[in-house]
Undergrad: 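If you scroll down you'll find the structure; I have some questions about it.
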Amino acid sequence: MYLRYYDLAHAYADKLAPAELDAVSQHLFDLAVLMFGARGDVAEEARMRGLAAARFETLKSDILMQLGNPALSLTDLAAAHRVSPRTIQLLFEQAGITYSGFVLEQRLLRAERLLRNPNLRTRKIIEIAHLAGFHDVSYFHRAFRRRFGRTPDDVRKLAGDVG
């Protein structure tokens, strides 16, 4: 966990604000404290602060890497991270979102970016939906319209008009 979080933090360090860098440093410190076998209140505080934050960020990173896979599941993600599905749900709830809400939002954002990409103008909407991880195209259309207030075709046409 420590190395994965460190690698993730290192990859995005130049995009983080000073306060975010401070938080990442604290999380890494907390993880190190746990690795060295802290006990009692110190260990509990490190688990609540550093371990939870590191786990949440690595979970989100793994989800983003697998976003195009329509078979992405909470159960498989939990098994890969050696935690229960409920633990993952609680981490997302503490952040004010749900696991499924996060996945849906990220897939919709990916689809919207793909629709605006001039290199993908010849790809059919159904292909874009699949690339974003949707296997049910009618659900994709409904969710996309609800999120962006436009159909996928409207977004593609508007992107073409701007370019």
Side-chain angles (χ1 to χ4, degrees), residues 1-116 128-136 138-150 152 155:
M1 175 71 67
Y2 183 89
L3 292 176
R4 289 187 69 195
Y5 187 63
Y6 174 82
D7 289 343
L8 186 62
H10 188 269
Y12 293 99
D14 60 335
K15 296 173 182 67
L16 298 176
E20 293 169 321
L21 287 171
D22 287 346
V24 167
S25 297
Q26 181 64 57
H27 300 156
L28 288 168
F29 177 78
D30 289 337
L31 290 171
V33 164
L34 291 170
M35 286 188 322
F36 289 119
R39 294 189 176 103
D41 291 343
V42 172
E44 185 58 29
E45 185 176 343
R47 270 192 291 281
M48 295 297 291
R49 186 177 49 208
L51 183 58
R55 179 167 282 142
F56 185 59
E57 292 305 318
T58 56
L59 283 164
K60 290 192 307 184
S61 176
D62 282 357
I63 290 167
L64 293 175
M65 287 189 303
Q66 299 178 53
L67 210 51
N69 177 5
L72 172 65
S73 77
L74 179 59
T75 304
D76 292 342
L77 190 64
H81 283 262
R82 298 184 182 134
V83 297
S84 71
R86 184 65 186 137
T87 297
I88 294 174
Q89 290 170 327
L90 288 171
L91 286 170
F92 276 93
E93 286 172 16
Q94 289 168 357
I97 55 179
T98 64
Y99 164 79
S100 57
F102 177 80
V103 171
L104 176 61
E105 176 69 7
Q106 296 307 310
R107 284 181 170 160
L108 289 169
L109 290 171
R110 177 176 282 181
E112 197 247 357
R113 282 191 307 272
L114 294 171
L115 288 165
R116 292 181 184 279
I128 298 294
H130 288 150
L131 286 172
F134 290 93
H135 65 279
D136 182 339
S138 62
Y139 173 69
F140 164 69
H141 278 277
R142 287 190 311 274
F144 192 94
R145 186 177 188 118
R146 187 170 41 248
R147 169 61 174 86
F148 296 107
R150 293 188 160 87
V155 168

Undergrad: Kindly indicate whether the side chain of Leu59, heavy atoms from C-beta on, has any atom under 4.5 Å from the side chain of Tyr99.
TA: no

Undergrad: At what distance, to the nearest 0.5 angstrom, does CG of Asp136 lie from CZ of Arg142?
TA: 6.0 Å

Undergrad: Mind running side-chain contact (heavy atoms from CB on, under 4.5 Å) on Phe56 and Leu90 for me, showing each step along the way?
TA: CA-CA 10 Å; Phe56 185 59; Leu90 288 171; over 6 Å; no

Undergrad: Looking only at non-hydrogen atoms, find the nearest pair between Ala111 and Phe140 and report the distance.
TA: CB-CE1, 3.5 Å

Undergrad: Let me confirm one number: the NE2-CG distance from His130 to Leu114, rounded to the nearest 0.5 Å.
TA: 13.0 Å

Undergrad: Given Arg110, which partner from the list Arg107, Arg113, Glu112 fulfils the side chain to side chain contact (heavy atoms under 4.5 Å, CB included) test?
TA: Arg113

Undergrad: Which pair of heavy atoms, one from Glu93 and one from Arg86, lies closest together, and at what distance?
TA: OE2-NH1, 3.1 Å

Undergrad: If you round to the nearest 0.5 Å, how far is CD of Gln66 from OG of Ser61?
TA: 10.0 Å

Undergrad: As an exercise, state the distance from CG of Asp76 to CG of Asp62, rounded to the nearest 0.5 Å.
TA: 12.0 Å

Undergrad: How close do Leu67 and Val103 get, counting heavy atoms only, and between which atoms?
TA: CD1-O, 4.0 Å

Undergrad: Give the minimum heavy-atom separation between Val155 and Phe144, together with the two atoms involved.
TA: CG2-CE2, 3.5 Å

Undergrad: For the atom pair CZ (Arg116) and CD1 (Ile128), what is the distance rounded to the nearest 0.5 Å?
TA: 12.5 Å

Undergrad: Can you check whether Leu104 reaches Phe134 side chain to side chain, under 4.5 Å on heavy atoms?
TA: yes

Undergrad: Would you say Thr87 and His81 make side-chain contact, with heavy atoms under 4.5 Å?
TA: no

Undergrad: Just say parallel, tilted or perpendicular for the rings of Phe102 and Phe92, cut-offs at 30° and 60°.
TA: tilted

Undergrad: Mind checking the CD1-OG1 spacing from Ile63 to Thr58? Nearest 0.5 Å is all I need.
TA: 9.5 Å

Undergrad: Answer whether the closest heavy-atom distance between the side chains of Pro152 and His141 falls below 4.5 Å.
TA: yes

Undergrad: If you compare all heavy atoms of Ala78 against all heavy atoms of Pro85, which two are closest, and at what distance to 0.1 Å?
TA: CB-N, 3.6 Å

